[in-house]
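Step one of this worksheet: look at the structure below.
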Amino acid sequence: MNKFLISSVLLLLSGCSDNVGDVSLGWFTTKDVKIEAVKDPKLNGVTCHISHIEGNLDLADPSDMSIACRQTGAITGQEISSIDKSKNGEIVFKESKSILFKSLKIRRIYDVENQTLIYLSYSTKESSGSHHHSLSTVPLYQTAAWQELQLANKSTPVKN
């Protein structure tokens, strides 16, 4: 089965992304840096840009990747209440990087104390002695969600 077809099917199953950049690494390589824009499926106001290497003729792509997430629209308290608040967070994006079970995943973790969304991109297979990963944060300070959470905390009675 074609690697492009596998990646496309996984993208359809795991979330939407838009290819916004494609940079060749040179004349003597078949690898390109792909840049994708990924919307958080539960928080419409967050977009992550992921860069990763893709080889046109390889059966497995390198594990290196980078991520940058930003607030690109409104984030509401209702949306925040719908996300997983466990220490593990939840996977918001997944893409196959080889035919041998290697994936690029993005996991959202909510830092309640600092009112910050953490987006962790990582490879599921060890490469060069490491599981490659990258981190980006989206602070909720001064957003509609932050204001709603502040009001909710003030209206909650303090227990002694």
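Just so you know, these numbers use all the heavy atoms, side chains as well, and skip hydrogens, waters and symmetry mates. Here the structure is a predicted model, which is why all the values come from computation and not from measurement.
Residues satisfying the side chain to side chain donor-acceptor pair (under 3.5 Å) test with Q115, not counting sequence neighbours, are Y110. Residues passing the side chain to side chain donor-acceptor pair (under 3.5 Å) test with S134, sequence neighbours excluded: none. Take D111 and apply the side chain to side chain donor-acceptor pair (under 3.5 Å) test, not counting sequence neighbours, and it matches N114. Here Q147 pairs with Q142 under the side chain to side chain contact (heavy atoms under 4.5 Å, CB included) rule; sequence neighbours left out. Annotation: side chain to side chain contact (heavy atoms under 4.5 Å, CB included) contacts of S86 (sequence neighbours excluded): D84, N88. K85 is linked by a side chain to side chain donor-acceptor pair (under 3.5 Å) to nothing, counting only residues two or more places apart in sequence or in another chain.
Between T47 and K39, the side chains place a donor N or O and an acceptor N or O closer than 3.5 Å (distance only, hydrogens not considered).
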**Message:** Is there a side-chain contact (heavy atoms from CB on, under 4.5 Å) between R108 and I118? Walk through the geometry before answering.
**Reply:** CA-CA 6 Å; R108 180 194 341 93; I118 301 168; over 6 Å; no
**Item:** Stepwise side-chain contact (heavy atoms from CB on, under 4.5 Å) test for I50 and V38
**Value:** CA-CA 8 Å; I50 311 158; V38 178; 3.4 Å; yes
**Message:** Using the rule given for side-chain hydrogen bond (donor to acceptor under 3.5 Å, both in side chains), can you reason through R107 versus Y119, listing the C-alpha separation, both sets of side-chain angles and the distance that settles it, and then say yes or no?
**Reply:** CA-CA 6 Å; R107 188 174 288 272; Y119 289 86; over 6 Å; no
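Residues L140 and I80 meet the side-chain proximity criterion, which asks for heavy atoms closer than 4.5 Å. With a 4.5 Å cut-off on side-chain heavy atoms, V46 and T72 do not count as touching.
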